[in-house]
There are 2 protein chains.
Amino acid sequence: MLKGNAIVGQSGGPTAAINATLAGVIKGAFEREAIGTIYGALNGVEGILKGTICNLSEIIKGEADLKLLSHTPAAALGSCRLKLPKMDEKPEVYEQIIDFFKAHDIRYFFYIGGNDSMDTVAKLSAYCAQNDYEMRIMGVPKTIDNDVMGTDHTPGYGSAAKYIAASMQEILRDTAVYKVKAVTIVEIMGRDAGWLTCAAALPRLYADVAPDLVYLPEVDFDMDNFMEDVRAALEVHPNVVVAVSEGARMADGTYVGASAQSGVVDAFGHAYLSGTGKALELAVKEKIGCKVRSVELNILQRCASHIASKADLDESIMVGAAAVKAACEGTTGKMMTYVRTSNDPYKVETGSEDIQKIANMVREVPREFINERGNNVTDECLKYIAPLTFGEPDIEYENGLPKHFVIK
Amino acid sequence: MLKGNAIVGQSGGPTAAINATLAGVIKGAFEREAIGTIYGALNGVEGILKGTICNLSEIIKGEADLKLLSHTPAAALGSCRLKLPKMDEKPEVYEQIIDFFKAHDIRYFFYIGGNDSMDTVAKLSAYCAQNDYEMRIMGVPKTIDNDVMGTDHTPGYGSAAKYIAASMQEILRDTAVYKVKAVTIVEIMGRDAGWLTCAAALPRLYADVAPDLVYLPEVDFDMDNFMEDVRAALEVHPNVVVAVSEGARMADGTYVGASAQSGVVDAFGHAYLSGTGKALELAVKEKIGCKVRSVELNILQRCASHIASKADLDESIMVGAAAVKAACEGTTGKMMTYVRTSNDPYKVETGSEDIQKIANMVREVPREFINERGNNVTDECLKYIAPLTFGEPDIEYENGLPKHFVIK
């Protein structure tokens, strides 16, 4: 048994579940005999390099704190976007980190984050092995984008998907009240993969409302087809709702958002950056001329923990604790994963994967999850997503607002 | 006792509470001996003119339906934006309505809506009185904007305020994770009054986070002062968050959103309409040059019933039922109001006001609720808003999504 202290850090963009994974790591560390104190690195690996850390063994007083932490959006330890240099280029950075680990008797490092964090995990564990300092370093993925290879889905996706589906259902009710022809375009995050936009169609499985059209980056966007689709939908009912990924692009690779920029310039002649939704709004206004509005869900997609998915939070805690268990049992340099063992009833287990095998690859929405015309998703796609959004965490409110756990 | 049937309609823009008021009217009608059947007019007064109505006495089976209806966003009966013509210009419209009422033995009409609906209530009750058809016609206001005279606040405002405050708190957590200087501008609804934007500052009363700057339409917006404010805030901490009303405008009356349009044109030379948030984003980018992002809360402010305020929904049901009681006791041609009898503990009663006295006036945020510099709101302002956002309704979820009540 490798005995020592542990440190945990968070990196990359916020999600509603990244603190649930943190809570899982802390819980796991508390339960393991091998681990003494669990430290938190402030602002990810930057905190290790600068020595700005906190003592989570003291800060977290018990189950109630862990629960509140798991319901708190964004990264409670702060985040960074730092990628470690190559080992042979700047070995002093690695030496500094190992010295820090040694000084605090740290033998376990858990890094919750995206691609850059997994890169850090791989490099650092290789360095430790080469330099005979026994460390267990594990990565836990987090991204609302669900585009990581080697895992059934990613921690954080289910909550973002639930927010998007519930918001879409509410937008559909809102737009349905008038009888005047109108088009509403909802722009959803996802530059390279359309998983979040797929979730906008979830109400179709259960409710009497659904977006009419769904466009993902995985299928080339064609403006003429789009106009034809919108016109056809307007024949069916007056209120047409479109869900579109920010990353939707034409056959030549141009982003739909960029297509409007080309024609729009500011007072200095600079291209004016509009979003994908805004570009389509302008296009519909010009070509069809009916009432049209675009809505950008924006950063609330990744931080709306008041409507987080219980399945997502529970799994995020589970995978955090499983990372600690795996490390204590000897695993190092790997990324934790989800393995779906059954869909009906939905069951999931944790696993781990070699980071080298999956790093810097994008898991796109498979073509068979998209209809032939490329303007909607299949029921199979929605059945894959649905269980990830199930269940409502018991969010604690005070004075009308959700309570959050703050690490000073 | 005036015996007869009743009809209820909804009009104007959706809110998260307009169906709670509908539920209150239905509940009130069920309880009153004077009222036989309660009908629903589809798409407001349009439904009365076209004869498209539904029988709510049959559709609503009991308490469970009323509860689900009160948790459903937007107008379950559909809405319209129709204003009745003047009586002496088109008396045939009024005759048609009265004929419809007579044909269905309707003696009670409840209209939930904005200014146009209150105008309809006033005109129609005057016409009935002149033509000796005894009717009781009552208006119940609804608007997320909280800008109606004669009432302490409006049904629908508390829920929108809660959504804005909770979303702002989440955005503040999200933006706080990095240490790089960044400005986030959140654009909030409200063209003539800043009540919704005030709500963005609510976290200040309870949490460790708050928007740094708050700009309302009630104070002239000055671009130089704004830049100075943002620069000063960036000195205090790296992540500055600004809340701004869509209706913020300069001393000369120009909207801040319009100021950017003047310099931005599309390929055809048309002014490009950007929002207020986008305009300030561009300005900060140009003048300060740090990372900057704008977020528009958009229509979710008025339809996010999944995080409705229990106080708002309970009061909306109460005021709907109170409208029925008042009508049965002989009141007609008036608008229902809220009277706050105590703030600590918060207590509210219903009343009614002459529509003529309050129609077409805007209740702005009083100057004493805004700080001297005009870049934030006072604690007094927040204490006025806070109790309207308290409490969480027991939202029913199914398959991960809130359940809604649908009137076919």
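Reminder, nothing fancy here: chain letters follow the sequence lines and each chain counts from 1.
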Take B:Glu392 and B:Lys162, measure what salt bridge (charged side-chain N to carboxylate O under 4.0 Å, His left out) needs, and give me the verdict at the end.
CA-CA 10 Å; B:Glu392 292 70 48; B:Lys162 187 186 187 94; 2.7 Å; yes

Which atoms of A:Asn399 approach chain B - backbone, side chain, both or neither, heavy atom under 4.5 Å
both

If you tally heavy-atom pairs under 4.5 Å between each of B:Ser79, B:Gly13, B:Ala74 and chain A, the highest tally belongs to B:Ser79

Would you please say whether a donor-acceptor pair under 3.5 Å links the side chains of B:Ser159 and B:Asp312?
yes

Count the heavy-atom pairs under 4.5 Å between each of A:Ser309, A:Ala386, A:Ser305 and chain B, then report the option with the highest count.
A:Ser305

Which of B:Ala311, B:Gly44, B:Cys80, B:Gly391 touches chain A most, by non-hydrogen pairs under 4.5 Å:
B:Cys80

With a 4.5 angstrom heavy-atom cut-off, is it the side chain or the backbone of B:Leu77 that approaches chain A, or both, or neither?
neither

Quick check: do A:Thr184 and A:Asn239 have side-chain heavy atoms less than 4.5 Å from each other?
no

Sort B:Leu300 into side chain, backbone, both or neither according to what part of it lies under 4.5 angstrom from a heavy atom of chain A.
side chain

With a 4.5 Å heavy-atom cut-off, do A:His71 and A:Leu313 have their side chains touching?
yes

Is there side-chain contact between B:Leu280 and B:Val244, with heavy atoms separated by less than 4.5 Å?
yes

Without swapping roles, check the side chain of A:Asp174 against the backbone of B:Cys303 for a donor-acceptor pair under 3.5 Å.
no

Taking all non-hydrogen atoms of both residues into account, name the closest pair between B:Arg204 and B:Ala210 and its distance.
CB-CB, 3.7 Å

Turns out that what part of A:Phe390 lies under 4.5 Å from chain B's heavy atoms comes down to both

Sort A:Ile395 into side chain, backbone, both or neither according to what part of it lies under 4.5 angstrom from a heavy atom of chain B.
neither

Counting only heavy atoms closer than 4.5 Å, note whether A:Ile171 contacts chain B via side chain, backbone, both or neither.
both

Report yes if the side chains of A:Glu187 and A:Ile185 come closer than 4.5 Å at any heavy-atom pair, otherwise no.
no

Under a 4.5 Å heavy-atom cutoff, which of B:Thr389, B:Leu388, B:Ile307 has the most pairs with chain A?
B:Ile307

Please identify, among B:Gly400, B:Ala165, B:Pro387, the residue contributing the most non-hydrogen atom pairs under 4.5 Å to chain A.
B:Gly400

Counting heavy-atom pairs under 4.5 Å with chain B, the top scorer among A:Gln10, A:Lys403, A:Lys179, A:Glu296 is A:Lys179

Just say parallel, tilted or perpendicular for the rings of A:His306 and B:His306, cut-offs at 30° and 60°.
parallel

Which atoms of A:Val406 come close to chain B, meaning under 4.5 Å heavy atom to heavy atom: side chain ones, backbone ones, both, or neither?
side chain

Of all of A:Ala161, A:Gly78, A:Ala176, which one pairs up most often with chain B through heavy atoms under 4.5 Å apart?
A:Gly78

With no hydrogens and no angle check, do the side chains of B:His153 and B:Glu315 hold a donor and an acceptor under 3.5 Å apart?
yes

Need one label for B:Thr15: side chain, backbone, both or neither, based on atoms under 4.5 Å from any heavy atom in chain A.
neither

Hey, which of A:Glu398, A:Lys310, A:Gln169 has the most heavy atom pairs under 4.5 Å with chain B?
A:Gln169

